[in-house]
Chemist: 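Supplied in structure tokens, the structure appears directly below.
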Amino acid sequence: MQETKEIRDKVVLVGLNSPVLKREENASEETLDELSALVETAGGETVGLVLQNRPAPDPRTFIGEGKCAEVKLYCENTGATMVIFDNDLSPSQLRVLTEALGVQVLDRCGLILDIFAQRARTREGRLQVELAQYQYLLPRLTGMWTHLERQAGTSGSGPIGSKGPGETQLETDRRHIHRKIDKLREDLEDVRRVRNTQRRQRQKNEVPVVALVGYTNAGKSTLLNQLTGAGIPANNRLFDTLDTTSRLLAVSDTLDVVVSDTVGFIRKLPHQLVEAFKATLEELEYADLLLHVIDVSSPEWQAQAQVVERLILELGAGELPRIDVFNKSDRLPAGEIMPHGEDICSISAKTGEGVGTLLEKIAQRLEKGVQRVVLHLPYAQGGLLDMLYREAKVEAVEYGETIDVTAVCGPRILGRVREFMES
């Protein structure tokens, strides 16, 4: 993928709305506004919007020859250097449109991949983005290069010195990309193995995992900072967090949890990214509790929440306990009624309002009868201490007339040591 240029690209955004497309594939004023925010995130400047209503996409140019000529004129008048479509384009449509418009043409998927390439910081994030880019590039190779003439074969009809492997440059490039994809998948499997080791250690220590999920720019990183003092940069732009960040949080005297911030979801998320980011997002499947952070100040919050719901189900985390966290309540007009319910909490991650209530709800969901107790174990029962180290959280041990242990125990362990508890 191309790196973002220092000179800001001037971009015309184009979207098609058609009854033959699925609802989530269509463009609208709202999705074009979001696309404009993505362009700004990528370092570009939107200079025009074109929304086309059409009975069906044109197989060749997607928007039709007449609209294509109109967009070309628009680009010339505004000095646009790029056109970005809100819909997914086929490789042949991308090629035809690039030739017809005389400027670079991207679709929404290509733009999101470009942003991810700019933002990934960790080795894992970079591997995931690179894999997604190659998967996106593979079907689009045809026509991307000027050196696709067939190399001379072995028939002897070519000039002297021109005998080649009888293979097009396109086929060579495809084989190269397939090798790169295989290597990236191997590297990501190594990352997964490290994650599994870390996860097993957390499970051994019985530290519950709370995963923050939500639409991009919903305020997940701000909430993580508010809860844990993590100091993660939290900016008002899309896809500010691409790499999972985990921090330890003391919810109460008897409950510590690991809070994980995940990449934000977005409508029309490229399926290559859903696949490539499984190594990060699989944390959701192993979480004990999801916090679905919703930007309640957005007029689109219900549609955004539905996008997140669908992706949670796709990732196999639909059955997990969840609290819906309605964030940015400080931005709502006075007197506006907030959603409410047992598994709903209204907060402002920026000001801290409602965060105490959220912690109480997390504790109610995860403590499950956990208690901090002082035990006086006879030396003859020393084996119980080993069991406590394995299956509880031992905070202090003193040796006197008895073995005095301060530990945080769940209900099952409490049942086994109840007779030695300090009254």
Side-chain angles (χ1 to χ4, degrees), residues 24 30 34 208-228 230 234 236 238-241 244-247 249 251-252 255 257-267 269 274 280-333 335-368:
E24 62 269 17
E30 290 78 17
E34 187 173 84
V209 176
V210 176
L212 301 177
V213 298
Y215 207 75
T216 183
N217 207 32
K220 297 181 298 299
S221 296
T222 305
L223 179 55
L224 183 66
N225 287 340
Q226 180 67 244
L227 291 172
T228 67
N236 184 28
L238 305 185
F239 293 127
D240 206 50
T241 302
T244 299
T245 305
S246 297
R247 293 289 187 273
L249 168 65
V251 177
S252 68
L255 178 64
V257 301
V258 171
V259 184
S260 287
D261 185 14
T262 61
V263 62
F265 297 157
I266 195 167
R267 72 188 101 199
L269 185 70
V274 175
T280 298
L281 295 173
E282 72 177 2
E283 284 288 310
L284 302 189
E285 193 180 342
Y286 295 95
D288 298 279
L289 177 66
L290 297 185
L291 299 185
H292 178 185
V293 183
I294 300 165
D295 176 5
V296 75
S297 70
S298 168
E300 289 281 294
W301 73 261
Q302 288 166 310
Q304 293 173 358
Q306 287 173 2
V307 170
V308 177
E309 292 278 353
R310 283 198 297 271
L311 285 166
I312 287 173
L313 289 172
E314 187 176 337
L315 292 161
E319 300 301 314
L320 289 175
R322 191 171 77 211
I323 298 172
D324 289 336
V325 181
F326 287 88
N327 188 29
K328 305 188 185 181
S329 59
D330 56 308
R331 294 190 184 179
L332 288 181
E336 186 161 333
I337 298 173
M338 291 286 290
H340 59 279
E342 183 182 347
D343 293 323
I344 291 175
C345 187
S346 298
I347 69 161
S348 167
K350 185 176 180 181
T351 66
E353 180 188 351
V355 170
T357 304
L358 176 60
L359 289 173
E360 289 172 13
K361 287 183 179 288
I362 294 171
Q364 288 167 10
R365 277 308 194 103
L366 296 178
E367 280 190 316
K368 300 172 186 172

Chemist: Going by the rule side-chain hydrogen bond (donor to acceptor under 3.5 Å, both in side chains), which residues pair with D324 if we only count those two or more places apart in sequence or in a different chain?
Modeler: R322
Chemist: Which heavy atom of G318 sits nearest to which heavy atom of L313, and what is that distance?
Modeler: CA-CD2, 3.8 Å
Chemist: Drop me the distance from D330's CG to K350's NZ, to the nearest 0.5 angstrom.
Modeler: 7.0 Å
Chemist: Can any side-chain N or O of S329 pair as donor or acceptor with the backbone N or O of S346 at less than 3.5 Å?
Modeler: no
Chemist: With side chains defined as the heavy atoms from C-beta onward, is the minimum distance between L291 and V213 less than 4.5 Å?
Modeler: no
Chemist: Can you name the closest pair of heavy atoms from L290 and A317 and give their distance?
Modeler: CD1-O, 4.0 Å
Chemist: Taking the basic N atoms (NZ, or NE/NH1/NH2) and the acidic carboxylate oxygens, is any pair closer than 4.0 Å for E300 and R267?
Modeler: yes
Chemist: Can you see whether S221 engages D261 through a side-chain donor-acceptor pair at a distance of less than 3.5 angstrom?
Modeler: yes
Chemist: Are V257 and L366 packed together at the side-chain level, in the sense that at least one heavy-atom pair is separated by less than 4.5 angstrom?
Modeler: yes
Chemist: CG/L227 to CG/L358 distance, rounded to the nearest 0.5 angstrom?
Modeler: 6.0 Å
Chemist: Between the side chain of N327 and the main-chain N/O of V293, is any donor-acceptor distance below 3.5 Å?
Modeler: no
Chemist: Is there a side-chain contact between V210 and V258, using heavy atoms and a 4.5 Å cut-off?
Modeler: no
Chemist: State the CD-CD1 distance between Q304 and I266, to the nearest 0.5 angstrom.
Modeler: 8.5 Å
Chemist: Please report the interatomic distance CZ(R331) to OG(S348), rounded to the nearest 0.5 Å.
Modeler: 8.5 Å
Chemist: What is the minimum heavy-atom distance between E34 and Y215, and which atoms define it?
Modeler: OE2-OH, 2.6 Å
Chemist: Run the side-chain contact (heavy atoms from CB on, under 4.5 Å) test on I344 and F326 for me, step by step, so that the C-alpha distance in whole Å, both residues' side-chain angles and the decisive distance to 0.1 Å come before the verdict.
Modeler: CA-CA 7 Å; I344 291 175; F326 287 88; 3.6 Å; yes
Chemist: Rounded to the nearest 0.5 Å, what's the gap from NE2 on H292 to CD1 on I312? Could you check?
Modeler: 6.0 Å
Chemist: So, for D295 and W301, which heavy atoms are closest and what is the spacing to 0.1 Å?
Modeler: O-CB, 3.2 Å
Chemist: Just verifying a value: how many Å separate Q364 CD and D343 CG, rounded to the nearest 0.5 Å?
Modeler: 9.5 Å
Chemist: Specify the closest pair of heavy atoms between C345 and K361, including all atoms of both residues, with the distance to one decimal.
Modeler: CB-CD, 4.0 Å
Chemist: Looking only at heavy atoms, what is the nearest atom pair of V251 and L359, with distance?
Modeler: CG1-O, 3.5 Å
